[in-house]
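Position 1 is the first residue of the sequence, and the numbers go up from there.
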Amino acid sequence: MSVARRRTLAVSTALLTVLGAAAPAVAATAPTLVQAPLAHHGGGLLHSTSGNWAGYAATGNRFTSVSASWVQPTVTCSGGNTWSSFWVGLDGDGSSTVEQTGTEADCSNGSPVYSSWYEMYPAYPVNFSNTVRPGDHFTASVTTNGSGSFTLTLSDTTAGWSHTVNKSLRSASLASAEVIAEAPSSSTGVLPLSDFHSVSFTGATANGRSLGGFSPDGITMASGGVTRATTSGLSGGNSFSVAWKHS
């Protein structure tokens with residue numbers, strides 16, 4: 001399914017800042033991206049493979065909250081353009097809406113670009129203007145009252161900024177809760193995955209308790225016989241890491 005978080009890497013009139021320096025402009029060459037729901041979901045009950053997701057997704061309940069923390073990874077850019085994103089969200093695994101917030105770590109013409117965002121699909125995504133740097137500690141949550149009202153919060157506890165956004169989406173089915181590292185897609189398919197080395201998620205919860213309590217599906221990102229990212233086991237029911245393997 002080619003729905004969910006559509007975003008263009010254009011940064012309006014403001015430039016993102018990368019490690020204290022102005023980021024390269026990316027609007028001219030960047031495709032229109034799609035942060036799609038879980039693609040190519042298959043495999044064992046708790047060991048699925050996806051062409052675009054790695055991490056954990058819980059289903060089989062009505063989910064009204066999800067949260068987690070992570071450290072923004074550093075990307076290694078060897079040339080060209082690659083993309084990666086890290087987020088928490090509701091829906092997207094078996095449903096056509098996604099309510100999510102997180103960060104991005106991309107390479108534009110061989111240079112790193114870091115950013116943050118939220119989206120209530122089918123509305124277009126919104127980028128936050130704050131500087132994102134590798135090594136920053138992020139905490140994110142998505143909550144709903146179950147009747148179409150959502151609160152999305154993303155906090156950079158290292159830099160000391162936070163955004164809380166209140167939105168409505170009555171069509172949300174609340175069918176899943178997930179903590180994900182993703183390879184974004186364009187109209188031509190899943191895009192090359194940035195070499196983010198590894199990202200560690202901690203404190204992952206859904207409906208106010210550890211994500212592991214819902215027997216979530218551990219997802220490996222792979223396609224065409226190539227493993228792109230692997231997901232570790234859950235530690236303490238709420239912590240895991242995703243390791244980059246291939247673009």
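- A 4.5 Å side-chain heavy-atom check between L169 and E99 finds at least one atom pair inside the cut-off.
- You'll find the side chain of V190 reaches within 4.5 Å of the side chain of R228, heavy atoms only.
- Looking at every heavy atom in both residues, T153 comes nearest to T101 through O-CG2, 3.8 Å.
- With a 4.5 Å cut-off on side-chain heavy atoms, D156 and H137 do not count as touching.
- Between T143 and the options T151, V66, L90, a side chain to side chain contact (heavy atoms under 4.5 Å, CB included) holds for only T151.
- Within 6.0 Å of atom NE2 in H197, more than 12 heavy atoms from other residues, nucleotides or ligands are found, so the atom counts as buried in its surroundings.
- Counting only distance, with no hydrogens or angles, the side chain of N207 and the backbone of R62 share a donor-acceptor pair below 3.5 Å.
- The two atoms that bring F86 and A181 nearest to each other are CD2-CB, 3.8 Å, heavy atoms only.
- Put simply, OG on S155 and CG on D136 are 12.0 Å apart, with the number rounded to the nearest 0.5 Å.
- Nearest heavy atom pair, residue L154 against residue F138, reads CD1-CD2, 3.9 Å.
- Of all heavy-atom pairs spanning T158 and G135, the tightest one is OG1-O, 4.1 Å.
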Inset, instruction - Could you go through the side chain to side chain contact (heavy atoms under 4.5 Å, CB included) check for T144 and F63 one step at a time? - result: CA-CA 9 Å; T144 179; F63 292 97; over 6 Å; no
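- In this structure, S173 and D91 have side chains that are in contact, with non-hydrogen atoms separated by less than 4.5 Å.
- S210 contributes no side-chain N or O that, together with a main-chain N or O of G212, makes up a donor-acceptor pair within less than 3.5 Å.
- In summary, the side chains of S111 and N109 do not present any donor paired with an acceptor at a separation below 3.5 Å, with no hydrogens or angles considered.
- Ring pair F128/H163 is parallel by interplanar angle, where below 30° counts as parallel and above 60° as perpendicular.
- Between E104 and Q72, the shortest heavy-atom distance links the atoms O-NE2, 3.0 Å.
- Remark: side-chain polar atoms of T231 are paired, donor with acceptor, to backbone N or O of I219 under 3.5 angstrom.
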Inset, instruction - Using the side chain to side chain contact (heavy atoms under 4.5 Å, CB included) rule, take Y114 and V75 through it: C-alpha gap first, then chi angles, then the decisive distance, then the call. - result: CA-CA 9 Å; Y114 302 97; V75 290; 3.4 Å; yes
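- A distance-only check finds no donor-acceptor pair linking the side chain of D217 to the backbone of Y56 [under 3.5 Å].
- Considering only heavy atoms from C-beta on, W70 stays 4.5 Å or farther from T202 through its side chain.
- No side-chain heavy atom of V71 sits under 4.5 Å from any side-chain heavy atom of V199.
- The minimum heavy-atom distance linking S194 with D106 is given by the pair OG-CA, 3.7 Å.
- A heavy-atom distance below 4.5 Å is found between the side chains of F150 and M120.
- Between W53 and M221, every side-chain heavy-atom pair lies at or beyond the 4.5 Å cut-off.
- Under the 3.5 Å distance criterion, the side-chain polar atoms of S84 are matched with a main-chain donor or acceptor of A105.
- In terms of modelled atom types and a separation under 3.5 Å, the side chain of R170 and the main chain of S147 share a donor-acceptor contact.
- In the hydrophobic clustering of ILVMFWY residues, with side-chain heavy atoms under 4.5 Å counting as a link, W161 and Y118 come out together.
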Inset, instruction - Using the side chain to side chain donor-acceptor pair (under 3.5 Å) rule, take S141 and S67 through it: C-alpha gap first, then chi angles, then the decisive distance, then the call. - result: CA-CA 4 Å; S141 66; S67 64; over 6 Å; no
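- The residue from T76, T74, V242 that alone fulfils the side chain to side chain contact (heavy atoms under 4.5 Å, CB included) condition with F196 is V242.
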